[in-house]
Amino acid sequence: MQRLSIAALTRLPAHIEVPAYDREACGIGIVHLGIGAFHRAHQAVYTDDILAAHGGDWAIAGVSLRGRTVPDQLNPQQGLYSVTALAGSARHCRVIGAVRRVIFAPGERPELLALMAAPATRIVSLTVTEKGYYRDPASGRLLTGDPAIAADLAAPESPATAIGLLARALDLRRQAGLAPFTVLSCDNLPDNGKSLRRLLLEYAGLISPSLAGWIEDNVAFPGTMVDRIVPAMTDEGLTSVADDLGYADAGAVITEPFSQWVVEDNFPQGRPAWETAGAMLVEDVAPYELIKLRLLNGPHSAMAYLGYLGGLEYISDCMDNAPMRAFVAALMQEEIRPTLSAPGGFDLGAYIDDLLARFANPSLRHKCWQIAMDGSQKLPQRLLGTLAWRLQRGLPIGRLALAVAGWVHYAAGIDLEGNPIDVRDPMADRLAAGLAPHLDEPQALAGAALGIEEIFTPELAANAAFAGAVTESLAALKQYGALGAVSRLAPPG
């Protein structure tokens with residue numbers, strides 16, 4: 001079957017939307033680091049809408065920081081790919097044209113840095129996942145001892161990490177007397193704009209105090225909140241998209257209809273009019289971000305670990321399990337919702353109802369195992385902040401503690417039946433070595449987990465109520481199994 005291409009656009013079925021603008025007339029104004037499926041289903045779609053409505057030099061150059069997979073998927077298709085939104089039997093497919101090219105950073109570093117330093121580049125955005133920031137989850141500091149960051153610090157003119165690339169490109173602009181680009185994090189970090197600013201300043205200060213001062217005085221780091229569920233693509237999904245298009249699309253993305261993007265409006269060098277495509281441009285992103293991290297990402301992680309340990313493959317399977325669905329709904333309503341203050345006009349109850357419906361979407365096939373990845377980086381912002389809030393007020397934490405216990409057992413690398421787990425986490429080897437020997441001793445296992453300073457703050461680790469609740473939850477997992485432990489905390493009915 002022929003690949004999707006510019007020439008194919010006029011031959012696609014009539015129900016497939018195609019780019020309604022002259023791609024060649026739109027210059028590159030955005031460089032995006034980490035062009036995975038989420039960016040292609042989210043920010044690139046908003047930008048595609050803007051190019052269709054208004055034109056302008058806001059096309060995207062995507063960057064793959066490690067592998068050749070995405071360049072090999074998209075470059076033979078001139079950057080084109082499809083996004084298919086699924087809800088039950090309904091499906092809507094469109095072709096996105098906003099990505100003009102994809103750069104393989106390890107093999108094209110000089111060209112990438114030149115593009116980032118070019119005057120036409122006004123925004124450099126990122127979706128590199130939590131681990132791509134090399135941020136200590138507990139302290140928020142840069143992991144300067146990590147081999148990748150250490151290598152960049154030793155050779156700052158040829159960086160490999162996102163942090164190093166940003167610093168080098170900004171330094172090239174500074175040396176050339178150019179205004180800096182805006183740095184736009186679109187990852188699930190707490191206070192992501194300010195977090196990235198702190199990390200970049202720490203890195204820059206180690207290589208050039210004058211560069212750090214220039215960044216501090218001149219570079220904008222708007223905060224964002226992003227929300228769209230984007231499962232990993234499967235061979236079955238690729239086949240279904242090819243059947244729709246009549247062409248093979250190696251870069252196809254399948255997602256849900258829902259999409260939300262809240263952006264702090266702080267772009268000194270200009271930006272696309274994303275608000276006309278449905279994005280919310282606001283003064284303060286923090287309330288929206290906290291709501292999403294705690295109400296969507298927290299329960300998502302709870303289902304990932306407990307569902308996996310309970311033999312449930314997909315998030316929709318968790319929603320089909322009555323005790324798990326009741327557990328998750330109670331977790332959201334009773335333990336998480338009271339920790340949040342909604343912005344004016346934001347209905348938390350309706351948001352929770354919408355999330356439960358989105359989780360239950362059977363078309364997405366979002367694997368618990370996929371969401372469980374990189375838990376050491378995700379746990380602090382998704383669950384531990386909520387726990388700390390409740391502990392400070394002496395409030396019950398049973399369901400949150402069970403979610404943490406699910407992560408602890410999962411991270412040990414052995415499931416409740418004694419089978420190995422393929423744990424994907426930057427700390428996987430250390431977690432397995434420290435946790436697995438204690439799987440038969442809940443108290444020792446809890447102590448070993450809470451002693452991991454990169455994840456648990458000293459205050460949280462020393463909290464007797466928290467340690468006791470995690471120990472009790474680990475014992476419940478061992479005695480009753482994951483779904484049995486969930487059932488004991490699920491409201492009746």
Side-chain angles (χ1 to χ4, degrees), residues 32-39 42-43 63-67 125-149 152 160-166 183-200 202-203 221 223-232 285-286 289-305 366-387 403-404 407 410-411 423-431 452-457:
H32 184 82
L33 306 180
I35 184 163
F38 183 80
H39 172 74
H42 192 269
Q43 301 103 49
V63 180
S64 179
L65 294 174
R66 294 184 179 180
S125 52
L126 302 86
T127 49
V128 294
T129 75
E130 293 92 339
K131 65 183 177 183
Y133 290 81
Y134 298 93
R135 174 185 177 273
D136 185 304
S139 69
R141 299 290 302 276
L142 183 69
L143 293 171
T144 54
D146 186 281
I149 292 294
D152 279 6
T161 69
I163 296 291
L165 287 166
L166 288 170
V183 181
L184 185 67
S185 170
C186 297
D187 282 295
N188 286 321
L189 289 182
D191 207 358
N192 56 11
K194 292 178 182 176
S195 291
L196 177 53
R197 182 178 186 271
R198 285 191 296 268
L199 294 168
L200 189 56
E202 187 174 353
Y203 176 93
F221 295 82
T224 66
M225 186 276 274
V226 297
D227 187 1
R228 196 170 203 185
I229 296 172
V230 185
V285 172
E289 174 193 55
L290 192 63
I291 289 169
K292 190 254 182 173
L293 282 170
R294 291 189 177 179
L295 278 175
L296 188 155
N297 298 124
H300 234 183
S301 287
M303 284 186 281
Y305 300 116
H366 206 181
K367 287 189 175 184
C368 294
W369 178 79
Q370 180 192 359
I371 298 164
M373 292 179 183
D374 304 327
S376 66
Q377 311 299 298
K378 297 173 178 176
L379 209 67
Q381 57 263 28
R382 294 188 175 199
L383 292 169
L384 300 187
T386 312
L387 273 159
V404 172
W407 171 80
Y410 181 95
V423 176
R424 304 291 179 91
D425 191 287
M427 296 179 64
D429 292 342
R430 179 178 166 189
L431 291 170
I452 303 172
E453 295 179 354
E454 294 92 337
I455 301 173
F456 299 94
T457 64

To the nearest 0.5 Å, how far apart are CG in Asn188 and CG in Asp374?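 Taking CG in Asn188 and CG in Asp374, the distance rounds to 12.0 Å.
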Heavy-atom closest pair (Glu289 atom, Met225 atom, distance to 0.1 Å) is CA-CG, 3.7 Å
Given 3.5 Å as the limit, does a donor-acceptor pair link the side chain of Ser195 with the main chain of Pro190, or not? yes
Heavy-atom side-chain proximity of Val63 to Ile35 below 4.5 angstrom: no
Give me the atom names and distance for the closest heavy-atom approach of Gln43 to Val226.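 Taking every non-hydrogen atom into account, NE2-CG1, 3.9 Å.
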Please tell me if the side chains of Leu431 and Trp407 come closer than 4.5 Å, counting only heavy atoms from C-beta onward. yes
Residues 293-300 side chain polar contacts: donor-acceptor under 3.5 Å, at least two apart:
residue, atom, partner, partner atom, Å
Arg294, NE, Thr386, OG1, 3.4
Arg294, NH1, Thr339, OG1, 3.0
Asn297, OD1, Lys292, NZ, 3.3

Check whether any side-chain heavy atom of Cys186 lies under 4.5 Å from a side-chain heavy atom of His39, and answer yes or no.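 With C-beta onward as the side chain, the pair stays apart.
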Pairs flagged by salt bridge (charged side-chain N to carboxylate O under 4.0 Å, His left out) wherever residues 132-149 is involved - sequence neighbours left out: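 Output for this query lists Arg141-Glu202.
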Donor-acceptor pair between Ser185 and Tyr133 side chains, under 3.5 angstrom: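 Present: a donor and an acceptor within the cut-off.
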Are side-chain heavy atoms of Ile229 and His366 found at a separation under 4.5 Å? yes
Got a donor-acceptor contact below 3.5 angstrom from the Asp187 side chain to the Glu130 backbone? no
Heavy atoms, side chains only, cut-off 4.5 Å: are Glu454 and Ser376 in contact?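 No, their side chains stay 4.5 Å or more apart.
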Taking all heavy atoms of Val128 and all of Ala162, pick out the closest pair and write down the distance.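 It is CG1-CB, 4.3 Å.
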Nearest heavy-atom contact between Ala148 and Tyr134 is CB-OH, 3.5 Å
Measure across His32 and Leu126 and return the closest heavy-atom pair with its distance rounded to 0.1 Å. CE1-C, 3.5 Å
In Å, rounded to the nearest 0.5 Å, how long is the span from CG of Leu199 to CG of Leu189? 7.5 Å
Do Leu384 and Thr457 make a side-chain contact, defined as non-hydrogen atoms from C-beta onward lying under 4.5 Å apart?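 SC-SC contact between Leu384 and Thr457 ruled out.
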Could you give me the CA-CA distance, side-chain angles and deciding distance for Ile163 and Asp152, then say whether side-chain contact (heavy atoms from CB on, under 4.5 Å) is met? CA-CA 9 Å; Ile163 296 291; Asp152 279 6; over 6 Å; no
Is any side-chain heavy atom of Ile452 closer than 4.5 Å to a side-chain heavy atom of Arg430? yes
Is a side-chain donor or acceptor of Tyr305 paired with a backbone partner of Ala372 at a separation under 3.5 angstrom? yes
Do Tyr203 and Leu166 have side-chain heavy atoms sitting under 4.5 Å apart?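 Of all side-chain heavy-atom pairs linking Leu166 with Tyr203, none is under 4.5 Å.
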Heavy-atom pair with the smallest gap, counting every atom of Val285 and Gly223: CG2-O, 3.3 Å
Under a 3.5 Å distance rule, please check whether Ser125 uses its side chain to pair with a backbone N or O of Leu184 as donor and acceptor.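 Flag not set: sc Ser125 to bb Leu184 has no pair under 3.5 Å.
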Just how far is it from atom CZ of Arg382 to atom CD of Gln377, taken to the nearest 0.5 Å?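 Rounded to the nearest 0.5 Å, the CZ-CD separation comes to 11.5 Å.
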